[in-house]
Amino acid sequence: MLSYFLRRLILVLPVAFGVSVICFLLVQIAPGDPLTAIMPVDATAEEQAAMRAAYGLDKPLPIQYAIWIGNLAQGDMGKSIATGRPVAQEVFGAVQNSLLLAVSAAVIAFPIGIFLGFLAGYFRDTLLDRAVTALSITGVSVPNYWLGIVLVIIFSVNLGWLPSMGAGPGGSQSWAWDWLHMRHLILPAVTLAVVPIGIVARTVRALAGDILTMDFVQALYAKGMSRGDVLRHVARNAAATALSVMGLQLGYLLGGSILIETVFNWPGSGFLLSNAIFQRDLPLLQGTILILALFFVAMNLIVDVAQAAIDPRIKRT
Amino acid sequence: MALAETEPMTDTKAAKPQSYWAGVGARVVRDPVSMICLAVVLLLILSAIFAPYIGLPDPYKGSMIARLKPLGTEGHLLGTDEQGRDMLARLIYGGRLTLFIGLMPVVFAFFIGSALGIVAGYVGGMTNTIIMRIVDVFFAFPSVLLAIAISGALGAGIVNSLVSLTIVFIPPITRVAEAVTSGVRALDYIDAARATGANALTVIRVHVIGNVLSPIFVYATSLTSVCMILAAGLSFLGIGVRPPEPEWGLMLNTLRSAIYINPWLSALPGVMIFVTSLCLNLLSDGLRSAMNVRD
């Protein structure tokens with residue numbers, strides 16, 4: 001198990017390196033001089049050159065990258081241009097809120113998706129199967145930022161049951177496990193859960209359908225095993241694949257919640273990202289994307305290892 | 001006499017084997033869901049193209065006194081937006097940019113990704129390693145994040161949206177193209193073709209492309225719905241199309257300020273995005289089962 005983990009870890013390193021290069025290049029493709037944001041308009045040419053040297057912007061790109069990655073290794077991701085605070089501090093606070101939202105959505109989506117998908121797979125080609133299939137294709141087709149607005153219209157504007165914005169009463173940024181805060185979580189979490197429900201249901205349906213037609217299921221029934229016990233075997237067979245799909249989905253939820261966070265003014269990484277974009281706060285943009293992408297890479301690694309832990313067939317390949 | 005005897009033999013039109021694409025076409029036509037979706041998508045595309053010629057009001061002309069009129073207002077069938085512009089006209093005109101930015105990146109990515117994937121899969125070795133490892137890096141980004149990152153860095157604009165979405169969809173298409181091509185590359189007839197002395201380009205052109213393009217194509221069609229949602233999403237965030245252009249995502253964004261005044265009106269542009277993406281998804285599913293390609 002440990003050697004498998006180490007092998008996977010070694011494979012991840014070049015990807016992580018590539019991710020850092022892309023994040024570094026993001027700032028380079030941005031139009032305009034990065035200095036214009038921080039320099040006074042009437043700065044002389046010498047002052048500009050001095051500033052350029054101070055930020056290392058006069059050096060060739062690979063050197064700039066080396067400096068950037070060196071600072072990064074020490075936890076220094078630069079300072080936000082807009083707030084002047086360290087990027088790392090801003091990002092980690094926001095990522096916590098995003099993680100809360102993503103995990104809540106996953107907690108809603110995965111059981112529902114598994115249940116629906118299993119029903120559809122077990123009762124293949126029945127009305128129930130078709131209903132679930134229709135539901136899941138609707139789930140993956142819906143633009144979730146629009147669904148968020150529709151839910152706000154229904155539950156906040158018309159019914160007045162739930163708040164439409166923020167993560168707590170009075171624009172509170174800090175989270176607490178009480179009803180006042182939880183109310184704010186419901187709408188964004190449900191909105192975010194819709195797409196993964198569709199995807200998980202689809203996957204589980206296909207898996208259950210395939211496994212139920214396998215010979216071993218017939219054999220288990222033939223030897224007189226009860227339906228419940230047979231289904232346990234089926235579930236164990238499906239677990240590894242289902243787990244990997246869900247792990248990926250959790251990663252997507254974190255990276256993909258940007259639009260939903262904008263709809264609900266949720267103070268997470270997506271909200272931070274859209275602020276960074278509009279204030280042309282490139283260090284903040286770079287840092288947020290880097291952290292989210294690295295999180296996604298780590299998530300994939302964990303999924304791979306967990307999959308191997310569950311399914312001994314994977315480790316051997 | 002001999003000719004007369006052979007005549008029935010040449011008259012074999014009825015037994016002529018149907019071409020593959022004709023078979024696929026026939027199966028798609030027989031599927032009612034696919035046909036309805038195709039009709040809806042075609043209707044949206046045609047109405048977007050011919051928007052200036054079907055007697056719609058000017059989608060840019062607002063009116064301070066006729067703002068946020070509800071659905072069914074006289075002269076404005078679907079009401080007016082926050083600047084008093086006719087909603088029906090803006091929704092139909094909005095299809096122009098939304099569909100263009102929503103579909104073209106997949107077309108571009110289909111060509112670029114197929115080319116990269118076929119080269120990687122056919123040539124193999126170091127070329128394959130370099131192309132596929134770069135593709136792996138892009139897979140480390142969830143697609144939404146990558147699109148927003150590139151668009152956010154480049155800034156708003158139609159061309160920037162096209163560029164960023166094309167970059168987002170090249171890696172998945174490349175990966176599929178590479179996998180399919182590697183599979184075909186291992187077949188005997190490729191070795192036979194190479195043994196005749198044909199060079200790589202000829203083998204790819206004559207023997208590979210025809211056999212790999214349809215699975216890549218089906219995969220690409222399954223991406224159109226996501227691309228639509230993402231394209232409109234970029235505009236919704238304000239990093240896609242700039243106002244005052246009519247575009248569904250952007251309209252959804254600007255109408256958010258009206259959800260307490262005229263809630264259902266403000267949800268309309270999203271209905272267009274939803275219907276289009278649903279039809280694209282169902283159409284892709286129909287095509288997939290008609291072509292009997294498994295993913």
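We use all heavy atoms of the structure for the numbers below, so side chains are in, but hydrogens, waters and symmetry mates are not. Residue numbers begin at 1 in each chain, while the letters A, B, ... track the order of the sequences.
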Measure the shortest side-chain to side-chain distance between A:Met246 and A:Val303 over non-hydrogen atoms and say whether it is less than 4.5 angstrom.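 Side chain of A:Met246 against side chain of A:Val303, heavy atoms only: no contact under 4.5 Å found.
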
Once you round to the nearest 0.5 Å, how far does [atom1] of [X] lie from [atom2] of [Y]?
X	Y	atom1	atom2	result
A:Leu284	A:Glu90	CG	CD	6.0 Å
A:Ile302	A:Ser244	CD1	OG	14.0 Å
B:Leu165	B:Ile170	CG	CD1	11.0 Å
B:Leu237	B:Ser151	CG	OG	9.5 Å

Taking every non-hydrogen pair under 4.5 Å, which of A:Ile277, A:Ile153, A:Leu292, A:Val263 racks up the most with chain B?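 If we count pairs closer than 4.5 Å to chain B, A:Ile153 comes out on top.
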
What option among A:Leu147, A:Thr262, A:Ile137 has the most heavy-atom pairs under 4.5 Å with chain B?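 Heavy-atom pairs under 4.5 Å are most numerous for A:Ile137.
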
Considering only heavy atoms and a distance below 4.5 Å, find which of [options] pairs most often with chain A.
options	answer
B:Thr276, B:Leu282, B:Val271	B:Val271
B:Gly238, B:Gly155, B:Ser143	B:Gly238
B:Leu230, B:Ile148, B:Asn160, B:Val226	B:Ile148

Please state whether the side chain, the backbone, both or neither of [X] comes within less than 4.5 Å of a heavy atom of chain A.
X	answer
B:Phe236	side chain
B:Asn253	neither
B:Ala147	neither
B:Leu280	neither
B:Val275	neither
B:Arg256	side chain

Check: B:Thr221/B:Ser284 side-chain N/O donor and acceptor closer than 3.5 Å: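 Indeed, the side chains of B:Thr221 and B:Ser284 share at least one donor-acceptor pair under 3.5 Å.
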
Which of residues 16-25 of chain A have a heavy atom under 4.5 Å from any heavy atom of chain B?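 Checking residues 16-25 of chain A against chain B gives A:Gly18, A:Val19, A:Ile22, A:Cys23.
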
When you measure from the side chain of A:Trp266 to the backbone N and O of A:Asn97, does any donor-acceptor pair fall under 3.5 Å?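 Present.
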
Is there a donor-acceptor pair under 3.5 Å between the side chain of B:Glu247 and the backbone N or O of B:Val241?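 Checking the backbone N and O of B:Val241 against the side chain of B:Glu247, no donor-acceptor pair under 3.5 Å is found.
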
For A:Leu248, which atoms come within 4.5 Å of any heavy atom of chain B: side chain, backbone, both, or neither?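 Contact with chain B: none, neither part.
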
